[in-house]
Amino acid sequence: MSAPNKSYDPVEVEALKPEEIERMRDEALAAFAAAGDLDTLQEAKVAHTGGASPLALANREIGALPPHAKAAAGKLVGQARGAVNKALAARQVELEAERDARVLVEEAVDVTLPHDRVPAGARHPLTTMMERVADVFVSMGYEIAEGPEVEAEWFNFDALNFTPDHPARQMQDTFFVQGAKGARGAEGSGDESGVVLRTHTSPVQARAMLDREPPVYIVCPGRVYRTDELDATHTPVFHQIELLAIDEGLTMADLKGTLDHMVRSLFGADMKTRLRPNFFPFTEPSAEMDMLCYVCKGESVGNPDRPCRTCSSEGWIELGGCGMVNPRVLTACGVDPQKYSGFAFGFGIERMLMFRHNVEDMRDMVEGDVRFTRPFGMEI
Ligand code: FA5
């Protein structure tokens with residue numbers, strides 16, 4: 001910076017010539033306009049408004065001018081610097097807006113895109129169906145009971161009044177794990193105690209009666225095995241759910257009321273059941289239980305205009321077996337039949353899943369293809 005000089009004329013000072021100041025201003029404006037991003041603008045800002053910029057240096061020259069020249073020179077430089085600062089601020093706003101718009105586009109998240117994480121699994125519909133049924137009874141105060149899948153032949157058959165030569169032993173074709181006695185027992189001498197893969201959940205009844213003092217109210221969900229071929233309506237490994245109630249004064253009316261409550265809880269308030277005579281060695285009397293078809297509510301019967309695929313227009317769907325516990329079973333399991341009576345029922349979960357969800361082929365349930373399980377959703 002030059003020292004004050006009375007004869008100093010701004011027009012004579014190179015840096016303060018109006019055309020020089022204009023050039024500095026225009027160069028600054030051009031640099032700001034040319035800056036394509038905030039970093040370049042920052043560089044232009046330092047170059048044209050910083051302490052070492054031409055306009056700052058020119059401003060310093062003013063201090064060396066004689067007083068009469070300072071005002072004009074100050075005005076000239078001040079206007080130029082004002083224009084430069086204004087242009088800088090405007091360009092700053094523009095570039096920030098451009099950057100924000102670009103960031104919004106670049107960092108936008110498309111929430112509709114499928115994510116690439118491993119999809120969450122869901123429990124098999126057979127499991128959720130079994131728990132749904134068990135929950136109906138748990139909410140009535142029943143206890144869940146379990147038993148082994150590899151079961152003593154005594155529990156699976158003998159305790160349940162299947163006599164060694166009883167034709168019912170042939171009714172349920174059995175996987176024998178060890179030995180076999182009675183009518184099926186080609187290998188056994190008759191004295192052996194065989195071991196089987198349980199053919200139904202009914203042996204849990206016998207175990208529960210031996211384990212507990214009456215009253216007994218239990219529900220037993222579980223896997224069972226029969227030597228059936230895998231086809232559209234059978235599988236060698238399937239699931240049943242069994243109910244047993246032992247108390248003083250229980251009758252068929254209690255059984256019927258319990259069945260009605262179950263179907264109303266699972267299928268709707270206007271559902272009901274009916275019983276048809278049947279035979280099971282462990283219940284007497286025994287019945288086959290049907291429930292009203294929950295799709296047509298019986299209206300398809302004799303009505304060709306309104307056929308029902310779910311019940312084949314029969315109006316009823318067969319659900320399982322039931323009856324009053326045979327006094328011989330009570331005695332075998334240490335319960336006094338003079339004092340106590342009881343009812344039991346059991347049915348297949350696969351069959352229930354078939355008609356409840358219109359599954360046409362039971363094989364779909366065992367093949368493990370997620371395209372089958374996925375439509376059942378994430379119910380847990
Ligand atoms: C029984 O197993 C009796 N324990 C049920 C019972 C319990 C009666 C308590 C009385 C008192 P059943 O053999 O009918 O009954 O079989 C019951 C259900 O198992 C059938 O209604 C059917 O839904 C299912 N089921 C039988 N075999 C198969 C199979 N191979 N695949 C899938 N489900 C089957």
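In each ligand, atom 1 is the first atom listed, and ligand 1 is the first ligand listed.
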> Out of curiosity, is Met362 lining ligand 1, as in a heavy atom under 4.0 Å away?
Replying inline: yes
> Considering only heavy atoms, does Arg351 approach ligand 1 within less than 4.0 Å through its side chain, its backbone, both, or neither?
Replying inline: side chain
> Atoms of ligand 1 less than 4.0 Å from Ala344 heavy atoms?
Replying inline: 9 (C), 11 (C)
>> I want to know whether His124 and Phe376 have ring centres closer than 6.0 Å.
In response: no
> Does a donor on one side chain sit under 3.5 Å from an acceptor on the other, for Asn326 and Glu284?
Replying inline: no
>> For the 3.5 Å polar cut-off, considering only N or O atoms, please tell me whether Asp228 and ligand 1 meet it.
In response: yes
> Any idea which atoms of ligand 1 are less than 4.0 Å away from a heavy-atom of Gln205?
Replying inline: 9 (C)
> Relative to ligand 1, is Phe280 under 4.0 angstrom through side chain, backbone, both or neither, heavy atoms considered?
Replying inline: side chain
> Has ligand 1 got any nitrogen or oxygen that is less than 3.5 angstrom from a nitrogen or oxygen of Thr283?
Replying inline: no
>> Regarding Arg198 and Asn156, do their side chains bring together a donor and an acceptor under 3.5 Å, going by distance alone?
In response: no
> With a 3.5 Å cut-off and no angle check, do the side chains of Glu350 and His239 form a donor-acceptor pair?
Replying inline: yes
>> Applying a strict under-4.5 Å side-chain criterion to I, L, V, M, F, W and Y, I'd like to know whether Val301 and Tyr294 cluster together.
In response: no
>> Tell me whether Thr199 has any N or O atom under 3.5 angstrom from an N or O of ligand 1.
In response: no
>> List ligand 1 atoms under 4.0 Å from Gly348, heavy atoms only on the residue side.
In response: 18 (C), 19 (O), 23 (O), 24 (C)
> Is the shortest side-chain N to carboxylate O distance from Glu96 to Arg91 below 4.0 Å?
Replying inline: no
> ligand 1 versus Met352, non-hydrogen atoms closer than 4.0 Å: side chain, backbone, both, neither?
Replying inline: neither
>> What I want to check is whether the side chains of Glu149 and Tyr225 have a donor and an acceptor closer together than 3.5 Å.
In response: yes
> Under 4.0 Å from any heavy atom of Cys322, which atoms of ligand 1 are there?
Replying inline: 8 (C), 10 (C), 11 (C)
>> I'd like to check which ligand 1 atoms, numbered from 1 as shown, lie under 4.0 Å from a non-hydrogen atom of Arg226.
In response: 1 (C), 2 (O), 12 (P), 13 (O), 16 (O), 26 (C), 27 (N)
>> Among Phe157, Phe162, Phe155, which residue satisfies the ring-ring contact (aromatic ring centres under 6.0 Å, His included) criterion with Phe282?
In response: Phe162
>> Side chains of Asn303 and Ser300: any donor to acceptor distance under 3.5 Å?
In response: no
> Which atoms of ligand 1 sit under 4.0 Å from any heavy atom of Ser202?
Replying inline: 4 (N), 7 (C)
> Which ligand 1 atoms are under 4.0 Å away from a heavy-atom of Gly346?
Replying inline: 5 (C), 6 (C), 7 (C), 9 (C)
